[in-house]
Engineer: 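First the structure, which I've put down as structure tokens, then a few questions once you've had a look.
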Amino acid sequence: MSERSITTVNPFSEAPLTSYPLMSDDQMFDALKSCHAAFDQWRLTPIEERAEVIVRIGEALNDRKEEFAQLMTDEVGKLLRDSRDEIDLCVGICKWTSATGPEVLADEHRSLQDGRQGIITYAPTGVVYGIQPWNFPAYQAVRYAIANLMAGNGVLLKHAASCTGSGMLLREIFESAGLPEHLFTVLTIDHDQSDALIAHDLVRGVTMTGSAKGGSVIAKTAGAHLKKTVLELGSNDAYLVLEDADLDVAVENCVAGRLYNNGETCVNAKRFVVTDAVYDAFVERYVAAMSDVPLGDPNADETGLGPMARADLRDELHEQVKASVEKGARIACGGEVPEGKGYFYPATVLTDVAPGQPAYDEELFGPVASIIRARDDEDAMRIANDSRFGLGGGIFSKDDARAVQLAKQHFDTGMVFVNHFNLATPEMPFGGVKDSGYGREHGGFGMLEFVNAKAIAVAA
């Protein structure tokens with residue numbers, strides 16, 4: 001075995017957890033070949049039988065929810081209740097995918113104009129390689145893995161180093177539920193090895209969740225080898241508080257939307273674009289609510305905000321806050337790194353946010369909210385779209401019909417939430433536009449990303 005290793009660290013206590021040896025190149029390629037061999041059998045398994053295995057995976061995840069939730073909290077600092085929510089979402093993905101997969105992937109029959117009969121069949125393509133981040137250790141992997149297993153593909157996972165244990169536990173759970181050995185394979189490899197893996201002929205597709213910068217590198221590497229990619233990247237999602245918004249609803253959801261998962265979510269609410277008519281009232285109430293959020297042990301029920309996943313992530317966030325202040329933003333609450341153990345950063349609100357500041361232009365991946373004043377509803381929509389990102393966003397308005405029209409015709413994002421905040425649901429497509437990436441997961445779309453829509457025509 002290689003002497004190189006990964007050591008996971010508890011971000012609350014800063015204590016090391018477990019070390020995992022990194023694979024050698026030979027071990028990595030052997031794992032790929034084993035996954036492909038398992039795929040060669042799995043692709044011939046009737047889709048109804050695949051669905052039954054996925055049902056059992058959901059049941060196994062539910063049975064081990066407490067164990068898995070605790071591991072995620074220990075590895076990345078998530079509030080324990082958020083970790084439990086994450087497992088519930090994974091269970092829901094398994095239920096929905098197993099129920100709808102046979103219909104989504106069913107053959108289509110078409111009568112052709114010349115009298116021939118056409119068949120469109122969705123054939124699995126092979127091994128799909130997933131590169132996933134640390135912020136949702138179970139969900140990020142389940143999101144692409146379950147869809148591709150349903151489609152008949154094999155799955156490789158390179159998880160973030162900080163949640164290596166979660167990847168290993170996920171593999172154990174999958175196989176305990178009856179998934180064939182090696183069909184879902186967890187790799188402990190570095191970035192250079194990852195590039196070599198992408199280049200291998202047996203890898204047929206690559207999916208990655210992470211930063212826009214990282215996504216660009218992966219897309220370039222995969223593109224050089226003509227490999228299809230699905231990229232779910234970062235964002236600085238705007239939530240609009242329009243002139244007729246219910247401020248009780250807006251403030252409650254904007255706090256939750258910024259702080260859920262310790263603020264470390266690609267589709268968190270990040271920029272709050274507030275119309276002049278309600279700006280002062282919203283800011284007063286929002287700052288008061290954010291100021292009251294208690295930092296603490298992520299295992300404790302009373303904790304409102306746990307530690308960030310790593311020290312470098314916390315430090316980078318603080319540098320973005322300081323740079324924004326230097327360029328004119330004002331700290332309304334928070335904004336200071338607390339003393340003591342744990343990678344904590346307080347719930348922070350920045351006002352006077354304007355173009356040219358990191359708080360306006362960049363993604364702040366942590367518990368920092370950027371408030372931007374808009375002249376009116378039209379200006380608010382303009383500001384929301386004034387971003388290189390386009391993952392999600394929200395609209396608060398008492399006029400649901402008008403908000404839906406704004407969402408449909410003007411919001412340049414992949415997802416829009418009206419009068420609430422949400423992350424993802426199995427029934428609806430998940431993904432973005434612009435620098436937030438391309439491709440879709442969930443809602444049946446993920447099952448079709450890495451299949452061959454094969455056309456078969458039969459003579460009359």
Engineer: Hey, could you give me the CZ/CD1 distance between F29 and I189, rounded to the nearest 0.5 Å?
Structural biologist: 8.5 Å
Engineer: Does any donor atom in the side chain of T125 or N452 lie under 3.5 Å from an acceptor atom in the other side chain?
Structural biologist: no
Engineer: Is it possible for you to check whether K270 lies under 6.0 Å from the centre of the six-membered ring of Y239, through NZ or CZ, and within 45° of that ring's axis?
Structural biologist: no
Engineer: Tell me whether the NZ or CZ atom of R143 lies within the 45° cone about the ring axis of F430 and under 6.0 Å from its centre.
Structural biologist: yes
Engineer: Can you see which heavy atom on E336 is nearest to which on Y345, and at what distance?
Structural biologist: N-OH, 4.2 Å
Engineer: What heavy-atom pair brings K227 and H200 nearest, and what distance separates the two atoms?
Structural biologist: NZ-O, 2.8 Å
Engineer: Testing the basics here: between A145 and F174, what is the closest heavy-atom pair and its distance to 0.1 Å?
Structural biologist: CB-CE2, 4.2 Å
Engineer: Verify whether the ring centers belonging to Y139 and H442 lie closer than 6.0 Å.
Structural biologist: yes
Engineer: Donor-acceptor check, side chain of S194 to backbone of D190, threshold 3.5 angstrom: yes or no?
Structural biologist: no
Engineer: Hey, what do you get for NZ (K213) to CD1 (I218), rounding to the nearest 0.5 Å?
Structural biologist: 13.0 Å
Engineer: Walk me through it: do L240 and F272 pass the test side-chain contact (heavy atoms from CB on, under 4.5 Å)?
Structural biologist: CA-CA 6 Å; L240 280 58; F272 301 90; over 6 Å; no
Engineer: Is there a donor-acceptor contact under 3.5 Å linking the side chains of Q140 and N135?
Structural biologist: yes
Engineer: Between the side chains of S166 and E75, is a donor N or O closer than 3.5 angstrom to an acceptor N or O?
Structural biologist: yes
Engineer: Any non-hydrogen side-chain atom of V203 less than 4.5 Å from a side-chain atom of I198?
Structural biologist: no
Engineer: Taking atom CZ as the centre, does R204 end up with more than 12 heavy-atom neighbours from other residues, nucleotides or ligands that are less than 6.0 angstrom away?
Structural biologist: no
Engineer: Can you confirm whether the side chains of Y20 and T8 place a donor and an acceptor under 3.5 Å from each other?
Structural biologist: no
Engineer: When rounded to the nearest 0.5 angstrom, what distance separates CZ in F136 from SG in C266?
Structural biologist: 7.5 Å
Engineer: Within a strict 4.5 Å, meaning less than it, do heavy atoms of the K95 and V55 side chains meet?
Structural biologist: no
Engineer: Under the 6.0 Å and 45° cation-pi test, does K454 pair with Y122?
Structural biologist: no
Engineer: When you compare the side chains of N262 and K78, does any donor N or O come within less than 3.5 Å of an acceptor on the partner?
Structural biologist: no
Engineer: List the atom of E302, the atom of P294, and the distance in Å for their closest heavy-atom pair.
Structural biologist: O-CG, 3.5 Å
Engineer: More than 12 heavy atoms of other residues, nucleotides or ligands under 6.0 Å from CG of D301: yes or no?
Structural biologist: no
Engineer: Is it the case that the side chain of K228 and the backbone of T207 share a donor-acceptor pair, with hydrogens and angles ignored and the cut-off at 3.5 Å?
Structural biologist: no
Engineer: When rounded to the nearest 0.5 angstrom, what is the spacing between CD1 in I47 and CE in M150?
Structural biologist: 4.0 Å
Engineer: Is it the case that the side chains of S24 and D26 hold a donor-acceptor pair, with the cut-off being a distance below 3.5 Å and no angle test?
Structural biologist: no
Engineer: Does any non-hydrogen side-chain atom of P346 lie less than 4.5 Å from one of P367?
Structural biologist: no
Engineer: D107 vs T121, test: side chain to side chain donor-acceptor pair (under 3.5 Å). Steps then yes/no.
Structural biologist: CA-CA 5 Å; D107 288 353; T121 190; 2.7 Å; yes
Engineer: Do V349 and V368 have side-chain heavy atoms sitting under 4.5 Å apart?
Structural biologist: no
Engineer: Do S387 and Y360 get their side chains close enough for a donor-acceptor pair, meaning under 3.5 Å?
Structural biologist: no
Engineer: Can you name the nearest heavy-atom pair linking A347 to L305, along with the distance?
Structural biologist: N-CD2, 3.5 Å
Engineer: For residues D74 and Q70, is any side-chain donor paired with an opposing acceptor at under 3.5 Å?
Structural biologist: yes
Engineer: Does the side chain of N419 pick up a donor-acceptor pair with the side chain of D400 at under 3.5 Å?
Structural biologist: yes
Engineer: For R388 and D361, which heavy atoms make the closest approach, and how far apart are they?
Structural biologist: NE-O, 4.2 Å
Engineer: Considering only heavy atoms from C-beta outward, does the side chain of I131 approach that of T209 to under 4.5 Å?
Structural biologist: no
